[in-house]
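First up is the structure itself, then whatever we jot down about it.
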Amino acid sequence: MSRKWLACVLLVFAITAAACGSRSSDDETGANTTPTAAPSSDDGGSTSAPAADDGTTGDDGDTSTTPAPGVDCSVPLEATEIGVTADTIKVIVMADSDSPLAPGLFQGAADGAIAWGEAANARGGLACRQVEVEFWDSKLDPTQTVNGFLQACQEALALVGTTVLFGNDTNDLNSCPDMAGNPTGVPDLAYITTEPPHQCSTTSFHISRPAAECPYSSGERNFVASTGAIQWALDQAGGDLHGAFLVPSDLPSTVGASVPQIAAQEDAGVVYDNAFGISGRATQAEFSQYMQPLRESEANFVYNGSNDQTMLKFRKEAADQGLDVDSITWLCSLSCYTPGFLSEGGDAVEGTYVWMFFLPFDETDTNEELAAFVDALGKDFPEAWAAGAWADGVLFEQVVNSIVERDGPNALTRQAILDELATVMDFNVNGWWGDVNFDSTLNITPCFVMMQVQNNEFVRVHPEERGTLDCESGNVIEVTANPDTFVLD
Amino acid sequence: MSDAVLRTEAVDVRFGGLRALANTSVDAQPSTITGLIGPNGAGKTTLFNVITGLQNPAAGRVLLEGRDVTRFGVHKRARMGVSRTFQKLEAFNSLSARDNVLVAAEMASNWHSHITDSARFTDEILERVGLSDVAELTVGTLPTGTARLVELARALAGHPKILLLDEASSGLTEDETTAVGDLLAQLVAEDGLAVLLVEHDMSFVMRFCSRIHVLDFGQIIAVGSPSEIQHNEQVRTAYLGSGAA
Amino acid sequence: MRLTTLRPSLTLALAAGLAVVVYVSVQNWSGSPVTLDAVGAATIVGVSIGSLYAVSAAGLVVVYTTTGVFNFAHGGIGVFSAFVYWELVENTDGPGLPNWLGLVVVVLLVAPLLGVGLDILIMRRLRTAPLVVQLMVTVGLMVFFLTLTGQIWEANRARSVSFFWPGEGFDIGDFRVTWHRFAMIVIALVIAVFLRMLLFQTRIGVAMRAVVDNRELTALNGARPNAVSSFAWALGASLAALAGILIAPEVEFNPANLNDIMLIVAIAAAAFGQLRSLPLTVVGALLIGLLQAYNRQWLSYGGDWRFVDDAIAPIVLFLVVLALPQSRLDVGRVAHNLRPIERTTRWWEGTIGAVAIVAAAVVLANGWLNFGFWDPGAWNQIALNNGIAALTLALIGISLVPLTGWAGQVNFAPLAFAGFGAYLFFHLAGESGNALWIPVVGLLCAPLGALVALFAARLSGIYLGLLSLAFALLMGKLFFPHPRVFPPKQGGQFTNLELFGRDFDERKHYFILLAAVFGVAMLVLIVLRRSRFGRRWVAMRDSQAAAATVGVNVVWTKIVVYATSAAIAGMGGVFWAISKTSIDSVRDFDVLVNFEIVLLMAAAGMAFPVAGLFLSFRFVVEALGAKLDDVGNLDFLVWLLRDFLANFGPGLLAIGMVVNQRGAIYEMGKGFAPLLPWRADAREEQADERASKRVPEIGELGLHRPFTSEDVVELDHRLGIVDDITPPTGYRHGTDPAEVSRV
């Protein structure tokens with residue numbers, strides 16, 4: 001058989017398979033183009049501004065920009081910064097989506113940011129201009145992540161909705177020269193940033209992490225943690241919660257994220273007899289070895305600091321091993337708030353508590369922003385990182401509006417945005433998320449809502465009133481911890 | 001028997017339950033072409049492997065110019081003057097004929113101060129063996145016979161004291177075989193080279209060897225001059241089976 | 001495993017290793033009580049998980065003993081099959097077959113078909129290929145299957161495979177053994193016994209083993225080797241599928257994860273069984289499972305040794321490979337695709353090449369190239385960033401040329417050496433970034449290479465590859481993640497390179513510098529190839545035994561080539577680290593990254609220094625795709641480049657080595673060389689090849705019509721040739737010339 005025949009067969013096989021891949025309807029062939037968000041735009045994947053000029057989104061079909069309150073849009077608009085022209089503002093959403101082995105991973109973040117952009121344009125745009133949201137796929141690759149920073153540096157005003165796992169090298173992000181040539185860096189409104197260099201990047205602002213002091217140094221550091229959920233759980237258990245913390249052990253950064261949590265929760269009154277280091281590659285069989293310590297210490301509490309799959313498998317194994325699962329309080333963070341947790345978990349995850357810092361997706365009747373988000377994404381249960389990206393968009397919008405209301409529509413520069421971001425206090429995505437301040441990295445929202453899996457659904461448990469969050473300031477605790485020396489069981 | 005270049009004493013080799021060599025003692029004198037013959041499977045190549053160090057004997061010794069080299073590694077014995085060719089061709093197939101020989105010549109120039117220019121030494125050997133025409137050709141593309149000559153040239157480039165040839169004439173035409181024999185005779189006469197060769201071509205053996213060892217089932221059954229061997233009853237039986245004419 | 005054949009020094013090394021293990025255990029005792037219950041629980045878990053490993057490892061060993069090919073794609077086939085199973089059984093949008101039916105369909109239908117297909121298309125041609133090619137093709141297949149699986153079943157939805165008897169089981173004390181896990185243990189044992197019986201006591205099994213030993217002889221004895229081989233591959237694929245489906249419920253169900261468990265530990269267990277003994281393989285698998293379970297139960301590590309949990313299988317692999325009985329010096333293997341005239345690149349040709357590379361870098365970076373209709377423009381920061389990434393990988397990849405390309409030593413650990421170089425540079429010159437430290441780093445990396453060579457010296461073939469794999473895993477799991485090796489630093493551990501007072505802070509300058517460094521490295525290697533070192537290395541690869549008999553000290557030569565390779569990789573690693581500024585101590589050294597470097601180098605042509613440039617494959621494809629995207633209206637091409645080639649390219653190229661055994665550069669060179677004015681020899685060769693392929697015309701032979709069989713017989717008759725071979729049919733009785741002329 002000749003080599004041409006062999007090549008053809010392989011080629012056909014692979015092309016067919018790749019093309020048949022169950023791609024979501026809003027995917028485009030080019031990673032750097034603006035993918036169309038699910039419901040609306042018929043924009044065919046070009047890099048130009050989405051929608052508004054074609055009058056597709058927005059009910060009014062009005063192509064004129066309605067000015068934000070207090071802004072005079074009759075002033076001649078200038079290109080005041082990289083990514084700002086007379087009629088458009090360009091931002092980039094960077095997310096790890098199409099790596100060869102795990103395509104589609106954080107595609108939701110791109111969807112969320114783009115949806116926000118369209119919604120913002122429907123509201124009349126920002127600073128009298130239309131918003132263009134470009135998606136940069138970092139593909140779980142450090143080089144591509146840096147390329148994303150470079151792209152933003154070259155073309156965008158800011159990064160909005162950053163959701164990357166490989167942000168180790170932030171030099172370009174932090175020293176990017178602006179239009180005037182000053183090394184101001186690119187404002188980075190981020191949601192998921194797992195690596196310490198990214199978390200402590202001087203131009204990055206995070207709505208959920210790092211909750212640690214920066215600049216980063218190894219050894220002991222100061223952290224803040226939101227322990228409202230834990231305190232509520234303690235109250236429910238009469239002050240006695242003791243058991244195990246499930247630590248994701250695959251990377252130093254994942255362990256490092258759990259250590260301050262453990263310290264803070266212990267300060268709040270939980271007793272952790274065990275902190276099990278669990279790898280993403282762990283087999284369910286391994287978990288059976290953790291049941292004996294739970295039995296022996298008569299644990300009544302298991303907290304999951306890892307992803308939903310870990311909690312799922314742990315609970316399944318506990319049930320298989322005949323542990324008295326009903327006597328244990330199973331508490332998970334936001335990572336368990338996924339449809340997969342319910343569908344794959346079934347009965348095994350019944351009763352699991354899940355706490356989060358924004359309103360659940362089914363409470364669209366209680367909050368306009370949430371309603372707009374769910375509607376724009378077109379899914380009943382969007383991903384958390386889609387919500388995060390949208391939230392970053394709202395933050396960006398708020399910051400831009402503050403600047404132009406004060407200094408006019410030609411006041412938009414990266415420095416101005418950075419300065420303004422650092423003053424934002426009590427930002428809550430128009431009531432959808434918990435309040436958070438951006439004046440330092442040592443901040444975290446005190447707000448939480450406690451859900452519970454009941455009859456294979458996420459049901460609100462506390463606070464009881466829909467559309468509300470528990471935001472007592474006492475929820476936040478300061479701790480000092482040393483992730484490097486922490487010993488895992 | 002005294003100043004033998006090579007001598008093996010009571011060498012024993014076992015492969016599992018099979019005793020490939022039993023109490024095998026051979027010797028090779030300087031300036032002599034010694035033959036090693038025997039039926040297939042007699043253990044000739046195994047003996048060569050023991051002598052060169054590719055095989056460790058269960059018992060016995062190998063002596064090179066009186067020195068016990070049984071513990072020495074293959075390359076060390078090469079440095080002491082042992083060269084060989086292989087029954088199943090072991091040329092450096094990706095290299096040219098010249099480079100095959102050059103590799104050996106470069107090693108030899110480290111050991112022998114009189115070899116100053118290994119490149120020229122290589123060319124001389126190629127000339128002598130009749131390979132100058134194919135010097136730049138890749139050995140893996142040469143016909144087997146020519147490749148065997150390359151192996152021979154490579155073995156000679158080591159400037160050995162004892163040359164072990166394992167079926168060197170296999171794949172060669174009659175003329176080529178005679179040429180090899182003549183070359184060997186010359187080298188033996190000029191440099192005092194000792195040659196120990198394994199052969200199936202009896203006319204070659206009888207013509208060029210002055211002494212012959214016969215190996216059968218791992219044991220030496222006869223030693224002597226060609227005519228003595230030709231008339232040896234045991235040898236006949238070994239080759240032709242009992243009851244043969 | 002005969003312990004009596006261990007050499008004294010090796011025994012010492014193993015004893016030392018054991019001492020270290022004991023020390024580490026004592027230091028890191030978790031304080032968990034050692035009760036009978038605890039021991040029992042850990043043992044049961046260990047045996048359960050060990051059985052998973054055993055099923056996978058058994059498949060690997062069976063394939064090796066019946067086909068002679070070490071199939072790195074074993075895990076990939078298993079992963080793909082497991083996902084097909086998921087599609088058939090678990091996908092709510094799919095057919096929703098009952099699990100036993102899905103199992104039967106996949107294991108007894110889909111997988112065997114896949115195996116037979118692989119055999120016919122690919123594996124048959126690998127039989128006589130050099131080991132490196134075999135390994136590269138199977139690694140390419142692994143990457144291909146993993147990518148294929150990931151692309152078909154995307155990561156944006158949750159998937160899992162359920163246990164066969166969820167929740168039910170029996171109790172041993174406090175501990176519950178589920179039926180699924182019990183079944184795993186039973187299945188593992190049954191499979192081991194069944195396979196052993198199959199291989200030793202059935203005709204087909206004996207035929208499978210015979211075919212590996214001596215194909216021609218088996219054919220002469222009546223078996224059909226091709227059919228037997230296909231059966232062997234079908235069996236292997238079935239076993240892989242079975243393992244994949246049985247393991248799937250236990251793990252987070254994604255391709256990389258499943259492959260990790262199916263492959264790495266399976267390799268360690270298979271090595272324990274010396275790649276041929278099924279009982280020992282099962283023992284090895286169980287042993288690893290038990291070690292992991294006991295480790296989990298009673299040892300807990302602080303930051304320094306946090307990843308030891310993951311490192312147990314690689315440690316076992318490393319020790320097992322070391323403890324193998326020493327092998328004789330390898331005899332040679334016939335090389336393929338040899339050109340009639342051996343010609344290595346001349347130093348001045350190398351110089352031209354190096355200058356051309358630097359010139360190209362300068363031109364590209366500055367955007368001086370303008371096609372009129374298409375002006376690429378000066379490279380922006382992104383293009384430069386990609387170019388730098390590509391060149392730093394090239395500098396690391398080029399280290400494989402002398403080691404694997406010339407000396408034939410399979411090496412899966414280029415990044416391990418590169419990372420070591422980066423580590424040295426960080427601690428010697430991280431603050432200053434002074435380039436003068438780089439040669440020092442190279443010199444210091446050489447001993448690490450020499451150390452590996454010492455371990456590797458007695459190994460050959462597949463065990464050498466496995467040793468390097470173990471080394472890469474150990475470095476990646478034990479050394480690099482250690483907090484003191486690459487402690488995270490705000491702003492990164494590495495500053496810009498500084499050479500003679502000049503700071504290379506601009507990407508453009510660094511890019512051109514890297515091109516120059518690569519050019520120099522290429523030139524140095526070309527010169528090295530033409531030196532006595534190059535000759536010796538190739539000689540050693542072609543026939544270790546013969547090389548030793550001409551006086552080459554094989555052990556020393558291996559040490560030298562490993563040291564050289566380590567030095568080159570170490571220096572490349574410095575440039576690589578500087579370009580990244582910040583090293584991810586775990587993910588940057590993942591074994592899959594090593595595989596990709598080796599794959600691309602092999603597909604390009606491991607024997608050619610210029611192959612290093614091939615490591616820019618993904619970047620070039622991506623950049624081309626981006627450019628075409630800008631041009632517009634070329635959607636299919638853009639998709640082809642960006643989505644298809646970028647993902648599947650490396651795997652497919654490696655698989656393509658089945659026909660391009662010496663690499664793409666060899667093939668391209670054959671076509672390109674005749675164009676060069678001074679390469680008359682290449683033109684001659686090309687003419688010869690064309691001539692030999694040409695079928696002569698009838699007229700050229702002096703005939704006016706083709707010979708028929710009657711003509712042949714007539715000719716024989718006239719020449720007086722008589723033989724006993726029956727003439728072709730068609731003769732009437734009495735006119736048979738043979739009859740007539742017989743005495």
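Each chain gets a letter, A, B and so on, in the order its sequence line appears, and its residues count up from 1. Computed from a prediction, not measured in an experiment: that's the story for all the values here.
Contact annotation for C/Thr178: only side-chain heavy atoms (C-beta onward) come within less than 4.5 Å of a heavy atom of chain A. Using a 4.5 Å cut-off between heavy atoms, A/Gln289 contacts chain C through both its backbone and its side chain. Contacts between C/Arg618 and chain A at a heavy-atom distance below 4.5 Å involve the side chain alone, from C-beta outward. For a residue to count as touching a neighbouring chain, one of its non-hydrogen atoms must lie under 4.5 Å from one of that chain's; by this rule C/Leu641 does not touch chain A. Within the 4.5 angstrom heavy-atom criterion, no atom of A/Phe149 approaches chain C. Only the side chain of A/Gln154 comes within contact range of chain C, with heavy atoms under 4.5 Å apart. Using a 4.5 Å cut-off between heavy atoms, C/Asn380 touches chain A through backbone and side chain atoms alike. Both the backbone and the side chain of C/Ala42 come within contact range of chain A, each with at least one heavy atom under 4.5 Å from a heavy atom of that chain. Residue contact with chain A, scored on non-hydrogen atoms closer than 4.5 Å, involves the side chain of C/Ile261 exclusively. Only the backbone of C/Ser579 comes within less than 4.5 Å of a heavy atom of chain A; no side-chain atom from C-beta onward does. Using a 4.5 Å cut-off between heavy atoms, A/Ser99 touches chain C through its backbone atoms (N, CA, C, O) alone. Contact of C/Asp310 with chain A is made through the side chain alone, with heavy-atom distances under 4.5 Å. Looking at A/Asn174, there are no atoms closer than 4.5 Å to chain C (heavy atoms on both sides), in backbone or side chain.
Chosen from A/Thr310, A/Thr170, A/Asp250, A/Thr202, the residue pairing most often with chain C at heavy-atom distances under 4.5 Å is A/Asp250. Of the listed residues A/Ala102, A/Pro215, A/Ser288, the one with more heavy-atom pairs under 4.5 angstrom with chain C than any other is A/Ser288. Taking chain C as the reference chain and counting heavy-atom pairs below 4.5 Å, the highest number among A/Leu312, A/Asn171, A/Leu105, A/Asp308 is found for A/Asn171. Per-residue counts of heavy-atom pairs under 4.5 Å with chain C were compared for A/Ser218, A/Pro252, A/Ser343; the largest is that of A/Pro252. For the options A/Ser97, A/Gly280, A/Pro142, heavy-atom pairs under 4.5 Å to chain C are most numerous at A/Gly280. Between chain C and the residues A/Met291, A/Glu317, A/Lys316, the most heavy-atom pairs under 4.5 angstrom are made by A/Glu317.
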From CA spacing to verdict: side-chain contact (heavy atoms from CB on, under 4.5 Å), A/Leu173, A/Ser201: CA-CA 8 Å; A/Leu173 179 67; A/Ser201 135; 3.6 Å; yes

Check against side-chain contact (heavy atoms from CB on, under 4.5 Å), C/Arg507 and A/Asp172: CA-CA 11 Å; C/Arg507 282 200 164 88; A/Asp172 293 290; 2.7 Å; yes

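No donor-acceptor contact under 3.5 angstrom links the side chains of A/Ser138 and A/Gln144, judged on distance only.
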